Amino acid sequence: MNEADFQRLKEVLSAPKKVAIVTHRNPDGDAYGSSLGLYWFLVKTGHEVTVVSPNDCPEFLKWLPGQDQIEIFEANKERGKKILHAAELVFTLDFNAFHRLGELMEPVMEEIKPVYVMIDHHQQPDDYADFSFVDSSMSSTSEMVYQFIERLGQEELIDKDIASCLYTGILTDTGSFRFPATTSATHRVVANLLDKGANNAVIYNRIHDVNTYNRMQLLGRALDNMVVLDRFHTAYITLSQNELNRYKFQRGDTEGFVNYALSIKNVMFAAIFIEDKKQKIIKISLRSVGEFSVNEFSRMHFNGGGHVNAAGGRSDLSLSETVKKFVDILPSLTNELTFSS
Ligand code: 5GP
Ligand code: MN
């Protein structure tokens, strides 16, 4: 954002405002981490703030400071609507198109007329925002929220709660600091967050050491279902609704499963297809290493998007038809799905 726009936004924020912070459906660590980090900061600077999430988060995020105050839209649509209509300023965090909010919330966002501020690191944003902080090279929205606070010159307001939220978002979106978008600047932000009181060891445990026996069994099933297509350097996993039910699937249980497919030697493209009988869709997660863009792939074939190396999408076909569609596309991508030597 250019300096003149930034100064205008700073001016808007100089007087107390009714603010809503909105994040995407099926919130992950970065969605809630960035939203709650910004939430505590705006509360501290005198605003009346509510975080609105389309649906609830997985268990491993339930400890985040302020998580219990988040307004879950699908749980109380009327109250959520009221909050969004009353907001003078709406921050949209970790997504860039209203359809990521789901059918219930999308129309409400279309009808309200607040000042919209987007902070996001995905590609190809829609243009609803009055103020946009968009940088697809960023590790996470949480890192961008840190930069936002820094640019406002209010870094000294970052306390342990804010630091813990932002640290969580960076930790989860960088796959514990290992994805290519993790830069030296990311590590400097992280170092500052530790200085402000974020406890890296405690947070790591809360996020990762929450496996249940059922989740481990489900992972076993997923790995058993994995198919490797050597010719296309591709591997994919399927999980049917029956399999999910058998292992008492909880929201978040399949998080990270697709990375096992990607970790196989000589695999550069990985997918997981998860059947959702309630929504009547197949939820797809796509990952790649190198230049093959799963964002493009998902936009073109599976109504989704995301980043070059991590994207999501959906299909209205059955599980087996979806997999067939996927496998049938691969021959046309033989050239791209090749390691350059
Ligand atoms: P995941 O596979 O973990 O659900 O998502 C991977 C990345 O793609 C995340 O950054 C997520 O925000 C994005 N993403 C997931 N599903 C969709 C989708 O349906 N549309 C778009 N545009 N992005 C998605
Ligand atoms: Mn993110």
Side-chain angles (χ1 to χ4, degrees), residues 21-38 53-55 57-58 60-61 91-103 106 118-126 128 133-147 165-177 179-182 186 189 222 236-237 239 251-262 269-274 276 279 281-288 293-316 322:
I21 300 172
V22 171
T23 195
H24 60 80
R25 194 177 151 76
N26 300 330
D28 55 15
D30 191 32
Y32 267 19
S34 60
S35 296
L36 289 168
L38 181 66
S53 176
N55 60 349
C57 68
F60 66 83
L61 295 174
F91 283 83
T92 66
L93 262 54
D94 203 38
F95 70 98
N96 62 21
F98 290 155
H99 70 84
R100 296 289 321 279
L101 300 172
E103 287 165 6
E106 181 180 353
M118 180 196 293
I119 307 181
D120 183 57
H121 66 134
H122 295 89
Q123 298 187 323
Q124 291 149 281
D126 279 1
Y128 59 81
F133 297 87
V134 172
D135 186 347
S136 63
S137 73
M138 277 287 151
S139 74
S140 54
T141 302
S142 296
E143 185 177 344
M144 297 179 74
V145 168
Y146 183 94
Q147 287 185 338
C165 293
L166 298 181
Y167 183 91
T168 298
I170 300 174
L171 177 79
T172 54
D173 254 31
T174 59
S176 307
F177 314 113
F179 297 154
T182 315
T186 313
V189 168
Y236 69 86
I237 293 171
L239 282 172
R251 203 192 294 279
D253 275 356
T254 55
E255 196 75 38
F257 282 13
V258 66
N259 293 319
Y260 287 95
L262 193 66
F269 182 25
I272 185 167
F273 301 94
I274 302 171
D276 183 337
Q279 281 199 75
I281 60 163
I282 308 299
K283 174 81 186 93
I284 307 168
S285 282
L286 301 162
R287 299 290 185 270
S288 66
S293 172
V294 288
N295 171 48
E296 294 301 329
F297 181 89
S298 188
R299 276 173 198 277
M300 201 175 306
H301 303 291
F302 290 107
N303 301 310
H307 313 276
V308 174
N309 295 131
R314 54 191 282 170
S315 157
D316 299 321
T322 302

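Since we're looking at a predicted model, the values are computed, not measured. One-based numbering, in listed order, for ligands and for the atoms of each.
Sorted by chain and number, the residues within 4.0 Å of ligand 1 by heavy atom are Arg100, His122, Lys283, Ser285, Arg287, Gly304, Gly305, Gly306, His307, Ala310, Ala311, Gly312.
If you look at the Mn ion (ligand 2), the protein N, O or S atoms less than 2.8 Å from it are Asp30 OD2, Asp94 OD1, His121 NE2, Asp173 OD2.
The heavy-atom pair separating Phe95 from Asp120 by the smallest distance is N-OD1, 3.0 Å. When all heavy atoms of Ser139 and Thr174 are compared, the closest pair comes out as CB-CG2, 3.6 Å. Closest approach of Asp94 and Ser34 over heavy atoms only: CB-OG, 4.5 Å.
Sorted by first and then second residue, the side-chain hydrogen bond (donor to acceptor under 3.5 Å, both in side chains) pairs with a member in residues 293-302 read Gln123-Asn295, Gln124-Asn295, Gln124-Arg299, Asn295-Arg299; sequence neighbours excluded.
Atom CG of residue Asn303 and atom NE2 of residue His99 lie 9.0 Å apart, to the nearest 0.5 angstrom.
Ring pair Phe297/Phe302 is tilted by interplanar angle, where 30° to 60° counts as tilted.
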Show me the side-chain donor-acceptor pairs of residues 307-316 shorter than 3.5 Å, one per line, residues at least two apart or across chains.
from   : atom 1 : to     : atom 2 : distance (Å)
His307 : ND1    : His121 : O      : 3.4
His307 : NE2    : His122 : NE2    : 3.2
Asn309 : ND2    : Ser288 : O      : 3.2
Asn309 : ND2    : Ser288 : OG     : 2.9
Asn309 : ND2    : Gly290 : O      : 2.9
Ser315 : OG     : Leu317 : N      : 3.1
Ser315 : OG     : Thr322 : OG1    : 2.8

message: Run Asp30 and Thr172 through side-chain hydrogen bond (donor to acceptor under 3.5 Å, both in side chains) and show every step you take.
response: CA-CA 7 Å; Asp30 191 32; Thr172 54; 5.9 Å; no

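For the side chain to side chain contact (heavy atoms under 4.5 Å, CB included) test with Ser53, the passing option among Asn26, Leu101, Thr23 is Thr23; the others fail.
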